[in-house]
Amino acid sequence: MTQAFLTPQISIDTITDGLNPEQKRAVETTQGPLFILAGAGSGKTSVMTRRIAYLLAKEGVAPWNILAITFTNKAAREMNDRVQKLVGDVAQDIWMTTFHSACVKILRREAEHIGLAHTFTILDADDQISAIKQCMLDLNLDLKKFDPAAVQWKISAAKNELISPFDMPRGGKKNLIDAIAADVYHGYQARLKSANALDFDDLIFKTVDLFEHHPEVLETYQQKFKYIHVDEYQDTNRAQYKLIGLLAKASRNLCVVGDTDQAIYRWRGADISIMLNFERDFPEAAVIKLEQNYRSTNTILDAANALIRNNENRKDKTLWSAKGAGDKISVYAALDQTDEAVYIIASVQEHIGKGGAFRDCTVLYRANAQSRAVEDAFLQAGIPYKIIGGMTFYDRREIKDVMAYLKVLVNPEDEISLLRVINVPKRNLGEGSIRRLLDFAHEKDLSILEAMGRIGQPQAPGPEADAAAELTASLGAKAADGAAKLYQIMTGLRAMQEGLTVTEFVQLVLTRTGYREMYAGSHKEEDQNRLENIDELLTVTRSFDRRRRHGTLADFLSETSLLSDTDKESGAKDNAVHMMTVHASKGLEFPVVFVIGVEETLFPHARSMDSLEGVEEERNLCYVAITRAQEKLHLSYCFERSLFGQTQMNDPSRFLDELPKGLLEASKSDLQIVPRWDVGIHVRHPQFGSGVVTDLTGEGDELELEITFASRHGTKKLKPKLTKLRVLDK
DNA sequence: GGCGACGCAGTTTTT
DNA sequence: CTGCGTCGCC
């Protein structure tokens, strides 16, 4: 039995080969709860994969008894590949997925227990917002006065805490948005229910719901998942915590891996206390710290250690490596974003000059908007680059449209998706007609698609036929015709699905719906691009068909809607400088890293600066950024930067002050000259605007200028030492 | 019902 | 500055 699930050549020694003592202990501690505090770059993926291999090889655990939850699909895939390499094809029977994918898998099987059809669709972020908007309109709420995104946010936060519409706190009188969110939450859930749809947060919530109300189902999964692993445990939210708690309750074989210092998703409901409380939840837990880092030089690690020591809410650990000190960290004081970009380009070229490649270099920033200045400069300098995240393939309109068609074809109740494409291409179904269709459908308790089916169809005389005739009349001939045709197209397509691969079916959808034709007739470059993107989608389906022999359209949709931005990238094969947010960089590593905009109000971000938790999370983020670097780290900040068209001046980030000076090598822009103050010099102040120096007193740090501003601020006395003053040419 | 032109607003991180 | 949404006009 012991060897039953193994490829013959594997031995225990191979599994623990090359591991350090802590790693080895983590691999071999298989029974009972285990807490692995894994520092950045400490080889935790290696530990996880080998632990799984060890369970199979040494303990004779069946692959289907193992569950491994990762944060992204990419991490799951990587783990899958690595386990596969260790143990061979039995790896396919192990559940190695994200929380969301695992829940989809469970719900597809068990949906009927909780009154859900297994064909349910998953709303993406856009769908969610449009559904929220619809609900708000139903409640006669002014979309301009109340931000649908804020409402969506509140609802999502509630779901992450497993709060149902009925338990939603309505807030005080002054917190109108809370009361609104509570109201909208009811309507929103009703709308999702009738569309047989779930949003991201529901996937977890409903699975917990399922387990809590159907103990027999829970028991099945408890028995199935005898060994549970959760990666990035510091980023779990209450709902995920509950889910894991339920599953692990029977076996108590729960292995969590994480790093409190890399907790960066509090804003999304992640709760670091879950990780800090693991030992309270599981008093018998074994605790292992992985502190040896295999990624970075000690200079980089010492900087990271020093920085993170300023946080209170953490588990102490100190990273070290056997790599030696390496280069100092470069800190560059730029004049502005353009100058900052020029610095990056010069450094990248220097790296190339030394025989390095573009792909070794990565630019990290706090906010997506910062990428633009760098991008422009790269373009001008002819530096190849690739932006990860931001507007991605799946965000494109044409892709979303096609996906909406597919969603409706899988789940005809999906009103949200149908409304997206009901008039794309044009079918003479405008706002008025859609309203009438919707009203009719809701009144008769039909889906819109069914309502459209009643148009122009011969029916037995009676009240039903009369109502249908009335609807047809009220729509007008053109709209009625459009609706009837769309109904026929969709029913026709649904009938043809049998036996076709996803690719073949999508091809059919593209022609039958007239979607491809809509762009094919156009000569606009934009439209030609859209056609190319559609073709690209077909390459995606082809690869899906190849990978998943009997994969259904529903599987394809689940898979694509659960992809994250980093998942969506084809891989870092292009020889280009990569650019991404710090968040997107988690789990990755690069030889040369540039962290830009290391300034107050940007990093830490202004919106996180008013609370201790906020600043600590920003510091975690900075820690993540620093620990991405293997060999060389560059930090930079700007003396002035333009944001929304106007110039602002930020102080260098407090995080820079927290790094030991001895590890740093500071330089600053040639453009940033020290001004020789004198009467008559024109200056600009971040708040008061431009003015002229009219007098000066004192010297050195005590030097004080009298400045007459052009604005209503009049004359002020300011010390240049304490004020951000910029000298104007004239 | 569709298109264009304004004006306006909003700017962190995303499974 | 740019992208978005709404409004007004054809």
Side-chain angles (χ1 to χ4, degrees), chain A residues 69-76 97-104 122-126 128-130 133 142-145 147-150 152-153 156-157 159-160 198-205 232 235-237 239-240 263-270 337 364-373 376 388-392 394-395 397 423-435 475-476 478-479 482 558 560-568 580-586 597 601-609 614 617-618 620-622 624-625 642-647:
Chain A
I69 300 283
T70 57
F71 198 64
T72 63
N73 290 291
K74 195 176 160 198
T97 52
T98 62
F99 270 108
H100 296 269
S101 306
C103 288
V104 170
I122 301 162
L123 266 62
D124 68 20
D126 269 11
Q128 284 180 51
I129 291 291
S130 59
K133 278 187 188 165
D142 186 351
L143 296 185
K144 265 184 269 173
K145 260 174 102 180
D147 182 7
Q152 192 274 330
W153 190 256
S156 168
K159 289 184 177 181
N160 286 333
L198 299 178
D199 66 20
F200 284 128
D201 307 309
D202 281 335
L203 296 174
I204 317 287
F205 196 154
E232 307 283 12
D235 286 327
T236 43
N237 62 37
Q240 292 163 336
I264 56 174
Y265 286 104
R266 192 175 68 105
W267 52 274
R268 204 167 78 186
Q337 291 129 295
L364 301 181
Y365 34 83
R366 175 69 244 266
N368 275 123
Q370 289 169 255
S371 67
R372 194 170 222 112
D376 289 347
I388 316 284
M391 176 79 158
T392 66
Y394 290 90
D395 291 332
R397 191 170 72 202
N423 203 29
V424 188
K426 302 273 179 295
R427 297 187 180 94
N428 299 309
L429 291 169
E431 206 184 329
S433 313
I434 292 171
R435 189 78 257 156
L475 285 178
K478 279 189 186 165
S558 307
T560 44
S561 55
L562 293 174
L563 293 180
S564 74
D565 278 352
T566 25
D567 295 330
K568 287 167 188 167
M580 68 191 85
T581 63
V582 181
H583 279 91
S585 76
K586 187 154 105 160
T601 76
L602 216 59
F603 206 174
H605 195 275
R607 289 168 87 125
S608 308
M609 276 170 33
E617 179 152 308
E618 295 285 318
N620 283 348
L621 205 47
C622 189
V624 169
S642 56
L643 207 58
F644 326 135
Q646 59 182 352
T647 309

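Quantities reported herein were computed from a predicted structural model and do not represent experimental measurements. Reckoned from all heavy atoms, side chains included, excluding hydrogens, waters and symmetry mates. Every chain is numbered from 1 and lettered A, B, ... according to where its sequence line falls, protein lines coming before strand lines.
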Determine: side-chain N/O of A:Ser101 to OP1/OP2 of B:dT15, distance under 4.0 Å, yes or no. no
Whole-Å gap separating C1' (B:dT13) and CD (A:Gln370): 12 Å
Nearest heavy-atom approach of A:Leu203 to A:Leu198 is CD2-CD1, 3.9 Å
Between A:Glu618 and A:His605, is there a donor-acceptor pair closer than 3.5 Å when you use the side chain of the first and the backbone of the second? yes
Criterion side chain to side chain contact (heavy atoms under 4.5 Å, CB included) on A:Ser101 and A:Val104, from CA distance to verdict: CA-CA 5 Å; A:Ser101 306; A:Val104 170; 5.5 Å; no
Sequence neighbours excluded, the answer for ring-ring contact (aromatic ring centres under 6.0 Å, His included) partners of A:Trp153 is none
Does A:Tyr265 have any ring-ring contact (aromatic ring centres under 6.0 Å, His included) partners at least two apart in sequence or in another chain, and if so, which? A:Phe71, A:Trp267, A:His583
A:Ile122 CD1 to A:His100 NE2 distance, which is reported to the nearest 0.5 Å: 10.0 Å
Whole angstrom is fine here: how far is it from CH2 in A:Trp153 over to P in B:dT13? 10 Å
For DNA chain B, the expected dot-bracket line (Watson-Crick or G-U under 3.5 Å, [ ] crossing, | inter-strand) is |||||||||......
Any chance you could measure A:Asn160, atom CG, to A:Asp201, atom CG, to the nearest 0.5 Å? 4.5 Å
Expected rows: protein N/O vs nucleotides 9-12 of chain B N/O, under 3.5 Å:
from	atom 1	to	atom 2	distance (Å)
B:dT12	O2	A:Arg366	NH1	3.0
B:dT12	O2	A:Arg366	NH2	2.2

How long is the line joining NZ of A:Lys586 and P of B:dT15, in whole Å? 12 Å
Grab the CZ-P distance between A:Arg372 and C:dG3 for me, whole Å please. 6 Å
For A:Gly482, is there any backbone N or O sitting under 3.5 Å from a side-chain donor or acceptor partner on A:Asn428? no
If I pick the C1' atom on C:dG5 and the same atom on B:dT12, what distance separates them, to the nearest angstrom? 22 Å
Please state how far atom CZ in A:Phe71 lies from atom C1' in B:dT13, giving the value in whole angstrom units. 11 Å
Of the nucleotides C:dG3, C:dG5, B:dT14, which one has an atom closest to the side chain of A:Lys133? C:dG5
Shortest non-hydrogen contact from A:Arg366 to A:Leu621? NE-CD2, 3.3 Å
I need the CD-P distance between A:Gln128 and B:dT15, as an integer number of Å. 12 Å
Can you tell me the distance, in whole Å, between the CZ atom of A:Phe200 and the C1' atom of B:dT14? 8 Å
Where do A:Tyr365 and A:Thr581 land on the side chain to side chain contact (heavy atoms under 4.5 Å, CB included) test, with the steps shown first? CA-CA 5 Å; A:Tyr365 34 83; A:Thr581 63; 3.9 Å; yes
Quick check against the 3.5 Å criterion: does A:Asp199 have a side-chain atom that pairs as donor or acceptor with the backbone of A:Leu123? no
Given B:dT14, B:dT15, C:dT2, which nucleotide is nearest the side-chain atoms of A:Thr98? B:dT15
Rounding to an integer number of Å, can you tell me how far A:Leu123 CG sits from B:dT15 P? 16 Å
Tell me, please, which residues at least two apart from A:Glu232 pass salt bridge (charged side-chain N to carboxylate O under 4.0 Å, His left out). A:Lys44, A:Lys586
Write out a two-atom table: protein N or O, nucleotide N or O from nucleotides 1-4 of chain B, distance below 3.5 Å.
from	atom 1	to	atom 2	distance (Å)
B:dG1	OP1	A:Gly430	N	3.4
B:dG1	OP1	A:Ser433	OG	2.7
B:dG1	OP2	A:Gly432	N	3.4
B:dG2	OP1	A:Asn423	ND2	3.4

